[in-house]
Trainee: 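First the structure, then my questions, so here it is.
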There are 2 protein chains.
Amino acid sequence: MPQTDDLSEDRGGPTVEDTVLGDLIGYRLKRAYMQIQPEAQRALAEDDLRVVSFSCLSIITDNAGIVQSELADALQMERSNLVVIIDELEQRGLVTRKKVPTDRRRYALTATLRGRRLRDRAAEKVRTAEDQIIGRLDDKDRAHLMAVLQRLEDNTR
Amino acid sequence: MPQTDDLSEDRGGPTVEDTVLGDLIGYRLKRAYMQIQPEAQRALAEDDLRVVSFSCLSIITDNAGIVQSELADALQMERSNLVVIIDELEQRGLVTRKKVPTDRRRYALTATLRGRRLRDRAAEKVRTAEDQIIGRLDDKDRAHLMAVLQRLEDNTR
DNA sequence: AATAATAGTTATTGACTATAACTATTATCC
DNA sequence: GGATAATAGTTATAGTCAATAACTATTATT
């Protein structure tokens, strides 16, 4: 029997009572996210990417020619906050900004070969990092989780 | 057939491609949380509570006599950031700070009757707000979601 | 042609988190 | 038992991030 010497203090605090918070979905979502996020962040930092820049790079890779407003919309962020992120991706040679001839207000964003490769590599690392955490979560539970989260998200739109 | 005039633009953007992001748990968690959080925030604002102060009030209510370090630990936040929050809860007469006789470094936190009542009322509102969003998610899916999220969280400790 | 709206940009603000440094008190160690 | 280390609470501060407003250039509307 794997009985150790440590008492209740061993992991995650001395079992605080909770009759309400833990039954709220928002709370559970936040807690789960707080465990995963730092690992994803660490994985992406190896390639000097933040979560948000990786997200942008990824969507741009999958949608060559997308413009900034559409990207902001897809990632549910303000287009003003996108500017510096695209600036950096562009300066690093990961994406290109090209004026759309038919509408010169817009910039078509396209990932370069380097950008696409970096996206794939970084995605692999994040996936691996997540798998570490998921641990004993089997494929069925994982699939169910993803489906339910997706449904949750869709319900609000 | 509920065919409307609007095209693909109707809800959530014109279906942007995504071969990677949507398969990451961190991304799905964040997106789901981003839908729920504003509603919870709005519900709590009716009682001049923020999510974090509600969380504190709730844990204190369930753990009369808990001290600030333990609370910070339970909510995974910095104890320095807790100070002003407890200050406010105390000033509003929702919790009391009382020196622990056996260890005068510590303050025992206890919710007042008003605090406990507010907690219950606010919790009810958040629950209702969440239920609006959950919508078509049946009890079985909800229970499964909560269990899996809990497991995810525990796996990292 | 005048007016609206849209895309991108810049600057700024407020909220939140993390860190370091400090005081008071208690625990540990020689 | 006294020096030293550790802990609880606090304060101040700095960094991160999201939201807002205002601006220019361009296109759409009437």
Side-chain angles (χ1 to χ4, degrees), chain A residues 9 13-14 26 30-31 33-35 37-38 40-42 44-45 48-56 60 63 65-91 95-110, chain B residues 9 13-14 26 30-31 33-35 37-38 40-42 44-45 48-56 60 63 65-91 95-110:
Chain A
E9 188 79 31
K30 183 176 189 175
R31 299 277 292 201
Y33 180 66
M34 281 171 58
Q35 310 308 315
Q37 202 271 355
Q41 192 171 326
R42 193 193 45 69
L44 290 169
D48 292 303
L49 286 172
R50 288 176 300 151
V51 169
V52 63
S53 25
F54 168 70
S55 301
C56 288
I60 296 171
N63 298 270
I66 193 174
V67 298
Q68 287 180 213
S69 295
E70 293 164 353
L71 178 58
D73 207 52
L75 292 176
Q76 292 182 218
M77 55 186 296
E78 293 298 322
R79 64 193 201 287
S80 62
N81 292 326
L82 219 116
V83 178
V84 290
I85 297 165
I86 305 297
D87 281 350
E88 202 208 316
L89 292 177
E90 191 184 23
Q91 277 156 25
V95 309
T96 60
R97 255 196 270 237
K98 217 174 62 179
K99 266 206 158 64
V100 176
T102 60
D103 185 344
R104 304 210 316 284
R105 290 172 299 186
R106 319 174 100 193
Y107 284 104
L109 303 173
T110 308
Chain B
E9 188 81 30
K30 183 175 190 177
R31 298 276 293 202
Y33 180 66
M34 281 171 58
Q35 311 308 315
Q37 202 271 353
Q41 192 172 327
R42 192 193 44 70
L44 291 169
D48 291 303
L49 286 171
R50 286 175 301 149
V51 170
V52 63
S53 27
F54 168 70
S55 302
C56 288
I60 295 171
N63 299 270
I66 193 174
V67 298
Q68 287 179 213
S69 296
E70 293 164 353
L71 179 58
D73 207 52
L75 291 177
Q76 295 183 215
M77 55 186 297
E78 293 298 323
R79 66 194 200 286
S80 62
N81 292 327
L82 214 105
V83 178
V84 290
I85 297 165
I86 306 297
D87 281 350
E88 202 207 316
L89 292 177
E90 191 184 23
Q91 278 157 22
V95 309
T96 62
R97 254 195 272 237
K98 217 175 60 180
K99 266 206 155 64
V100 175
T102 59
D103 186 344
R104 304 210 314 284
R105 290 172 299 186
R106 316 174 103 196
Y107 284 104
L109 303 173
T110 308

Trainee: With both distances under 3.5 Å as the test, what is the Watson-Crick or G-U wobble partner of C:dA11?
Mentor: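 Result: D:dT20.
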Trainee: Determine the minimum heavy-atom distance between B:S69 and B:R79, stating which atoms define it.
Mentor: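 Closest heavy-atom pair between B:S69 and B:R79: OG-CD, 4.0 Å.
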Trainee: side-chain hydrogen bond (donor to acceptor under 3.5 Å, both in side chains), that's the test. Do B:K98 and B:Y107 meet it? Break it down for me.
Mentor: CA-CA 5 Å; B:K98 217 175 60 180; B:Y107 284 104; over 6 Å; no
Trainee: So, for B:Y33 and B:P38, which heavy atoms are closest and what is the spacing to 0.1 Å?
Mentor: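 Result for this residue pair: O-CD, 4.3 Å.
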Trainee: So, does A:Q68 get its side chain near the phosphate of C:dT6, meaning an N or O under 4.0 Å from OP1 or OP2?
Mentor: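 Answer is no, no contact under 4.0 Å.
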Trainee: With distance as the sole criterion, do the side chain of B:N81 and the base of C:dA18 form a donor-acceptor contact below 3.5 Å?
Mentor: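 Between C:dA18 and B:N81, which were checked side chain against base, a qualifying N/O pair under 3.5 Å is present.
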Trainee: Give the minimum heavy-atom separation between A:I85 and A:C56, together with the two atoms involved.
Mentor: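 Distance-wise, the nearest heavy atoms are CG2-SG, 4.0 Å.
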Trainee: With syn defined as a glycosidic torsion within 90 degrees of 0 and anti otherwise, which applies to C:dA4?
Mentor: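 Glycosidic conformation of C:dA4: syn.
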Trainee: Please give, in whole Å, the distance from D:dT10 C1' to B:I86 CD1?
Mentor: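 Taking CD1 of B:I86 and C1' of D:dT10, I get 13 Å after rounding.
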Trainee: May I ask you to verify whether the side chain of B:S80 and the base of C:dT19 hold a donor-acceptor pair under 3.5 Å?
Mentor: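 Check passes, donor-acceptor contact within cut-off.
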Trainee: As a test of reading the structure: which of D:dT10, C:dA7, D:dA8 is closest to the side chain of B:S69, going by heavy atoms?
Mentor: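 Of D:dT10, C:dA7, D:dA8, D:dA8 is nearest to the side chain of B:S69.
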Trainee: Which nucleotide, in any strand shown, forms a Watson-Crick or G-U wobble pair with C:dC30, with both distances under 3.5 Å?
Mentor: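 D:dG1 - that is the nucleotide pairing with C:dC30, both distances being under 3.5 Å.
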Trainee: Between B:M77 and A:V84, name the one whose nearest nucleotide on DNA chain C is closer to the 5' end.
Mentor: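 It is A:V84 whose nearest nucleotide is closer to the 5' end.
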Trainee: How many whole angstroms separate atom CD of A:E70 from atom P of C:dT6?
Mentor: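 From A:E70 CD to C:dT6 P: 14 Å.
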Trainee: Please confirm whether the shortest side-chain N or O distance from A:R79 to OP1 or OP2 of C:dT6 is below 4.0 Å.
Mentor: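 False: A:R79 side-chain N/O out of range (4.0 Å or more) of C:dT6 OP1/OP2.
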Trainee: Is the phosphate of C:dG8, meaning OP1 or OP2, less than 4.0 Å from a side-chain N or O of A:R106?
Mentor: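 Answer no for this pair, as no side-chain N or O of A:R106 is under 4.0 Å from OP1 or OP2.
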Trainee: On DNA chain D, check which nucleotide each of A:V52 and B:V83 is closest to and give me the residue with the more 5' one.
Mentor: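 Between the two, 5'-proximity favours B:V83.
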Trainee: Which one, D:dT10, C:dG8, C:dT25, comes nearest to the side chain of B:Y107?
Mentor: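 Closest of the options to the side chain of B:Y107: D:dT10.
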Trainee: On a heavy-atom basis, which atom in B:L82 and which in B:L71 lie closest, and how many Å separate them?
Mentor: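 For B:L82 and B:L71, the tightest heavy-atom pair comes out as CD2-CD2, 3.6 Å.
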Trainee: Using whole Å, what does the distance between atom P of nucleotide D:dG9 and atom CD of B:E78 come to?
Mentor: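 Distance check: B:E78 CD to D:dG9 P gives 14 Å.
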Trainee: Taking OP1 and OP2 of D:dT10, is either one under 4.0 Å from a side-chain nitrogen or oxygen of B:R105?
Mentor: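 Negative; the distance criterion is not met.
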Trainee: What is the separation between atom CD on A:Q76 and atom P on D:dA19, rounded to the nearest whole Å?
Mentor: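 Distance check: A:Q76 CD to D:dA19 P gives 10 Å.
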Trainee: Counting side-chain heavy atoms from CB outward, which of D:dT26, C:dT25, D:dT10 is closest to A:R104?
Mentor: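 Nucleotide nearest to A:R104's side chain: D:dT26.
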Trainee: Check the distance between D:dA25's C1' and A:D103's CG and give it to me in whole angstrom.
Mentor: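 So the CG-C1' distance, A:D103 to D:dA25, works out to 11 Å.
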Trainee: Whole angstroms only, please: what is the CG-C1' distance between B:L109 and D:dA8?
Mentor: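 Checked: the CG to C1' distance equals 12 Å.
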Trainee: Send over the distance from B:R50 CZ to C:dT17 P, rounded to a whole Å.
Mentor: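 After rounding, the gap between these two atoms is 9 Å.
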Trainee: For A:V51 and A:L44, which heavy atoms make the closest approach, and how far apart are they?
Mentor: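 Looks like CA-CD1, 3.7 Å.
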Trainee: Whole angstrom is fine here: how far is it from CD in B:E88 over to P in C:dC16?
Mentor: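 B:E88 atom CD is separated from C:dC16 atom P by 11 Å.
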